[in-house]
Structures are given as structure tokens and as C-alpha cells.
Chemist: 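Can you read through this structure? Questions will come right after.
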Amino acid sequence: MIQEIQIYNTLTRKKEVFEPLVPGKVGLYVCGPTVYGPPHLGHARSAITFDLIFRFLKQIGYKVRYVRNITDVGHLVADSDDGEDKIEVQAKLDELEPMEVVQKYTNLFHQAMEMLNVQPPSIEPRASGHIIEQIEEVKKILNSGYAYESNGSVYFDVEKFASENEYGKLSGRKIEDQISYTRTLDGQDEKRSALDFALWKKASPEHLMRWPSPWSEGFPGWHLECTAMSCKYLGETFDIHGGGMDLTFPHHEAEMAQAQAAHGKQAVRYWMHNNMITLNGQKMGKSLGNAISLEELFSGNHPLLEKAYSPMTIRFFMFQAHYRSTLDFSNEALQASEKGLERLMKATARIESLPVSENSSVNIAELSANCFTAMADDMNSPIAIAYLFEGVKIINSVADGNSSITLEDRIQLNSLFHSFVFDILGLKSEDQAGSGSSVVLNEVVALLMKLRAEAKASKDWATSDKIRNELSAIGFDIKDGKEGVSWELKK
RNA sequence: GGUUCCUUGGCCGAGUGGUUAGGCAGCGGUCUGCAAAACCGUGUACGGCGGUUCGAAUCCGCCAGGAACCUCCA
């Protein structure tokens, strides 16, 4: 029996008990990055959020097919209303082939994801590889009567659809409000209404990315790829669709309408949206020019960064806030997370060497239940982490002889921490130089520790402190504990 | 202008009608030759003003400030 979980459904605006379409299996689709620029903190939040969901669902026993697309075609440019393809503009600037740009940023995205220990999705389809499927979707929508062709382009008829179906429910919008507040876009005169959106767009002569279709040489509309690819890999109806909150409208609203028009039924059962990262209280975004790239974050090479932050620090930082809350970025907050993470990882490594007793003065079963209950409540990772820190207290307290633990409890505690820290939260140890990676280094330091111990034995504090201080200056932390001396490389 | 949401102690950040969130920083102590680490103890916070209630940070109203979406965006 799989643990019951609740997830917040954007569609109904409340937490619901999650019931998969097929018992024991979950179909999860998440909007992936548009690969026209370097990956930034915002991409990381979405990827990390749904990585957590992917991992947790698997941990509690579900078989999950996780599809996350790469958008490599078809979006407009930020400050240009001329309908040029976003990727194409960047290509001209870089004097590269569009697909070369796409490849470059896809590779960078994958590298960053690996560093963040984000598991690859089960399937990672590309929009440009599914043009045929998208054309088929356009045909279906035309057949159902909710689209019309105009001058080689095909548009979705929002007003007609809205008169017979629900439109605007996901984003909480009323169609009447929308009509009065729209801006002028290219091709507006081709549309029956400003609300209509393109399913297929005829390419202008200078447009490089183009494919043949029954209507014109052109490219698919902005929202179509997710409908086509989710349907292909997960079916006409599937369990969870995720993405950033900023995609709720118009992207996901359009997807809902398209899928309904094409297949005659709702595609998505649970919509999940992660909130934004803010910087000085404002959304961090590519178009606002205040996005910090992951490369800058990892290297510390950015005017707003006091230092470099490791991928695991970023990951842990994000889990200390709930995924539906905005998360404000600051050096102080990241440094707090860095230290907290270090404490958590150190305690995790200590569990196996804890002394065992006849009786436990601590309740591990309750701790474990609390951690899983927190996660089952709409992925409340901050609460789960708070309980893990209770576990840290227990571990350190047992190590210091202030609490006792039985062997069975120690095994359970170890299993809990390994499940949560490594499998669910997906954290990993980041020892630079890696203990054990250099046997020689270990032996050299061990030799110095031996010399220092001898100096200490003869109360030659000057020598012992000299060894410690100079090692410290090189980058080692030397700690005198009850069980002997230990050392590690500083962060 | 429309829609939605937020405001928690020095910082970050959970919670949502009565009971300690947690992390980081700070303070006091234990341990130590000293230091670090660890441990123990420590802070009565919920934007303002009203209302509902035996009781509100938590529900309602008003006000102030902020954000997101309405245009590509995680």
C-alpha cells in the first residue's frame, strides 16, 4: 500500500488527495527550459522542485514516467514584437546556426542539472523533433471546429471555445476581462479576436526555422508542443502537469483548451506550479535582466554575490522554503543554508559509528513518521527538514553520551537519513579533493597529526599550534575531539 | 484597469483558532592547554486599525506596503 499524499491542484486551488489514473503509476509532465540562454536560478527552482516530487513519488513506491521537454523552437522575442523566433535572433547575434545555439544551451542546462544532482527525466523530448505530432494536433483542432486558417497561419478560436467550454479556470480569468485589455501583436489583423493564439504560424521570408505543413511553410504555435508531446508519451489524460507559476497564463490555459479541443477531454488531472525566486523582492527573470546564472552562482562571479555557492547549497536552500512560496535570494540566506547543510551532512555521516545501548531514550519511529507525513502534505520539505534537524540533535546527543540508542533504532535512523538526505532530497557530499581520493594526502596529514600529538604530549604548545595554524592557513580544519583528532578540507 | 497572492523575531522561513516549527546569527554555560566542533540553556515574533470568539499570528472588514499574471519567461 502506497502512502496517501496530498497535492495542491492549481485548477481547484486546494489540496487534494492524489489518486493516480492507473494505480501505482504516475505520469508527470513538466515544462522544461527554452534553450536560448544560459541556465539560471529560476530554471533550477523548477527543475529541483519537480526532481523532489519525482524522487518522493518513487520513494513511496510509485512507478513514475517523468517527461520534461526542451523548447527549442517557436517563442517570440522579449522586446521585439515582429514575430521573429527567439532562438533565431540569438543565432544571428552569435552567428551560429539556430540548432547550434540550441545544442549549446541544452548542453549547459544538462551540465548544471547534473551538478545540482537533478535526475534526468524518463523522457526529454524536443519540440523541434515533434513537428509532425504538432501538425497532427492542429488538424484535430481544425476538425473539431475550434480553429481557423488565416493567410497560411492557423489560430485557436478562443471565444468560440469559451462559449461552449470552460476557459480561464486554471488562471482564474474571465474572458470578458481579457477582451478589454490586450496589446497589439503582429498578425493581429489575421485573427478574429485578440485573444486567439497561434497553432501554426507562417514563416516570414527571413525566418530560418521553418517546416512544411498543409497551411504554409512555418512553425508551430507557442503552446502546442506540450500538448503534442504529453499526449504522445503520457496519453490523452495523465496525472500531473507541472511548471513555473508564470506559465499558468497563457501557456497552460492554452494547453488546457487545445487538449480539450483536440481530444474532447481534459488532459491534466493535477496542475502543480512552483513559485518564483525573487531578488530584492522582485522576480528574477531573463527579461528583467536580473537573473543570476547558475554558472555565476557556482563560481561567485557576479556583483551581487559575496562568494561562490555550491550546487548542493542551492539545492538545500530551495528545499528550506515550500515550493509554492516565493523564495527571496540573499547572501545571508544562502550562507545560513550552507552552514545548516554542513551540519546535516556531518550528522548523517556520524550515524553508523554511534554507540548503541540496551535502551533508546529517543523515538526514531515517530521521527520517521513525521518526516514522511510532512512530505506527503504537498511536498512540505521545510517541515521535513525541520524534523531532520531534530534527528541531527539526536545523533550529536548520542555521540556526546547525553542520549542512548538501541542497535535497531540506529539502523532505522540510518535508513531514514539515507532515504531522506540522499534519495529524496537528493543531497550529496561535496568534499573537495574527496576524502580517500588521495591516499598520499591522508598519510601526509596523518604524519603531521602524529607529530602534533607528540608535541602536545610533551606540552610543547608552540609546536602543536604551529602545525594546526599552518595547516589551517593552507585550508585544513583540525579538530581535537574526545575520540582523537580529525581533519577535513575547508569549504 | 482586471485577476490572484503576500506582509512572521537580527536574516531566511514553516504554521493557520488554544500547545516549542526549523536553520543561520547573537547571548550564557559545559568540554578543551587554547581554539574549533559538539552539547546544554536562552529570544514570548506574527504590517496597522476595527470586528467575530471564552480565546486570533491564524476567521471577517477596512487601511498601508509589496509581488505575480494579464506580453516571451522557471
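Below, read A as the first sequence line, B as the second, and so on, with proteins coming before strands; counting in each chain starts at 1. Hydrogens, waters and symmetry mates are skipped; everything else that's a heavy atom, side chains included, is used.
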Chemist: Taking atom C1' of B:rC73 as reference, at what distance in whole Å does atom NE2 of A:His252 sit?
Modeler: 12 Å

Chemist: Would you kindly check whether a donor in the side chain of A:Lys393 faces an acceptor in the base of B:rC39, or vice versa, at under 3.5 angstrom?
Modeler: no

Chemist: Can you measure A:Tyr167 atom OH to B:rC70 atom P for me and round it to whole angstrom units?
Modeler: 12 Å

Chemist: Checking the side chain of A:Asp196 only, and the main-chain atoms of A:Val158 only, is there a donor and an acceptor separated by less than 3.5 Å?
Modeler: yes

Chemist: When you measure from the side chain of A:Asn165 to the backbone N and O of A:Phe161, does any donor-acceptor pair fall under 3.5 Å?
Modeler: yes

Chemist: If pairing requires Watson-Crick or G-U wobble contacts with both distances under 3.5 Å, which nucleotide is the partner of B:rG26?
Modeler: B:rU42

Chemist: Of A:Gly281 and A:Lys174, whose nearest nucleotide on RNA chain B comes first from the 5' end?
Modeler: A:Lys174

Chemist: Provide the distance between the two C1' atoms, one in B:rC59 and one in B:rG18, to the nearest whole Å.
Modeler: 14 Å

Chemist: In whole angstrom, give the distance that lies between atom CD of A:Glu390 and atom C1' of B:rG23.
Modeler: 13 Å

Chemist: Starting from P on B:rA36, measure out to NZ on A:Lys456 and report it in whole angstrom.
Modeler: 14 Å

Chemist: How would you summarise protein contacts on nucleotides 11-17 of chain B per nucleotide, using B for base, S for sugar-phosphate only and - for none, with heavy-atom distances below 4.0 Å?
Modeler: SSSSS--

Chemist: Starting from C1' on B:rC39, measure out to CZ on A:Phe389 and report it in whole angstrom.
Modeler: 16 Å

Chemist: Round to the nearest Å and state the distance from A:Ile394 atom CD1 to B:rG22 atom P.
Modeler: 13 Å

Chemist: Looking at A:His130, is its backbone amide N or carbonyl O close enough to the side chain of A:Gln134 to form a donor-acceptor pair, meaning the two atoms are under 3.5 Å apart?
Modeler: yes

Chemist: Tell me what A:Gln335 touches on the nucleic acid: a base, only sugar-phosphate, or nothing, going by heavy atoms under 4.0 Å.
Modeler: nothing

Chemist: Rounded to whole angstrom, note down the C1' distance from B:rG47 over to B:rG65.
Modeler: 8 Å

Chemist: Using the C1' atom as the point on both nucleotides, what is the distance between B:rG23 and B:rG43, in whole Å?
Modeler: 15 Å

Chemist: Which of these, A:Asn9, A:Asp378, A:Asp377, sits in a side-chain hydrogen bond (donor to acceptor under 3.5 Å, both in side chains) with A:Lys15?
Modeler: A:Asp377

Chemist: Looking only at atom types and distance, does a side-chain atom of A:Ser193 sit under 3.5 Å from a main-chain N or O of A:Leu195, one as donor and one as acceptor?
Modeler: yes

Chemist: In the strands shown, is B:rG18 matched to any nucleotide by a Watson-Crick or G-U wobble pair with both distances under 3.5 Å, and which?
Modeler: B:rC54

Chemist: Determine the interatomic distance between P on B:rC60 and the same-named atom on B:rC40; round to the nearest Å.
Modeler: 40 Å

Chemist: In whole Å, measure the gap between the P atoms of B:rG9 and B:rG48 for me.
Modeler: 10 Å

Chemist: Both conditions, 6.0 Å and 45 degrees, for the charged tip of A:Arg324 above the ring of A:Tyr8: are they met here?
Modeler: yes

Chemist: Name the nucleic acid region contacted by A:Gly340, choosing base, sugar-phosphate or nothing; use a 4.0 angstrom heavy-atom cut-off, strictly under.
Modeler: sugar-phosphate

Chemist: With both distances under 3.5 Å as the test, what is the Watson-Crick or G-U wobble partner of B:rA35?
Modeler: none

Chemist: When you look at NZ of A:Lys428, are more than 12 heavy atoms from neighbouring residues, nucleotides or ligands closer to it than 6.0 Å?
Modeler: yes

Chemist: Could you check which of B:rA35, B:rC72, B:rC70 has an atom nearest any side-chain atom of A:Arg468?
Modeler: B:rA35

Chemist: Hey, is A:Asp51 close enough to A:Arg315 for a salt bridge, meaning N to O under 4.0 Å?
Modeler: yes

Chemist: I'd like the C1' distance from B:rU52 over to B:rA38, given in whole Å.
Modeler: 50 Å

Chemist: Let's see if you can work this out: which of B:rA68, B:rA38, B:rU4 has an atom nearest to the side-chain heavy atoms of A:Arg13?
Modeler: B:rU4

Chemist: Which part of the nucleic acid, if any, lies within contact of A:Leu247, taking any heavy atom under 4.0 Å across all strands shown: a base, the sugar-phosphate backbone alone, or nothing?
Modeler: sugar-phosphate

Chemist: So what does A:Met245 hit on the nucleic acid, given a heavy-atom distance under 4.0 Å: a base, only sugar-phosphate, or nothing?
Modeler: nothing

Chemist: Thinking salt bridges, do A:Lys307 and A:Glu338 make one under a 4.0 Å N-O criterion?
Modeler: yes

Chemist: Considering only the P atoms, how many Å lie between B:rC24 and B:rU16, rounded to the nearest integer?
Modeler: 24 Å

Chemist: Using a heavy-atom cut-off of under 4.0 Å over every strand shown, decide if A:Lys283 touches base, sugar-phosphate, or nothing.
Modeler: base

Chemist: A:Leu334 has an atom CG; how far is it from atom C1' of B:rG23, in whole Å?
Modeler: 13 Å

Chemist: Which whole-number value in Å describes the distance from A:Tyr387 OH to B:rU20 P?
Modeler: 12 Å

Chemist: If you assign each of A:Asn402 and A:Phe316 to its closest nucleotide in RNA chain B, which residue comes earlier from the 5' end?
Modeler: A:Phe316

Chemist: A:Arg343 side chain N/O closer than 4.0 Å to the phosphate oxygens (OP1, OP2) of B:rG23?
Modeler: yes

Chemist: In whole angstrom, give me the gap between the P atoms of B:rC73 and B:rG66.
Modeler: 28 Å

Chemist: Could you tell me if A:Arg192 sits above the aromatic ring of A:Tyr155, with its cationic atom closer than 6.0 Å to the ring centre and no more than 45 degrees from the axis?
Modeler: no

Chemist: Does the structure show a Watson-Crick or G-U wobble partner for B:rU3, both distances under 3.5 Å? Name it, or say none.
Modeler: B:rA68

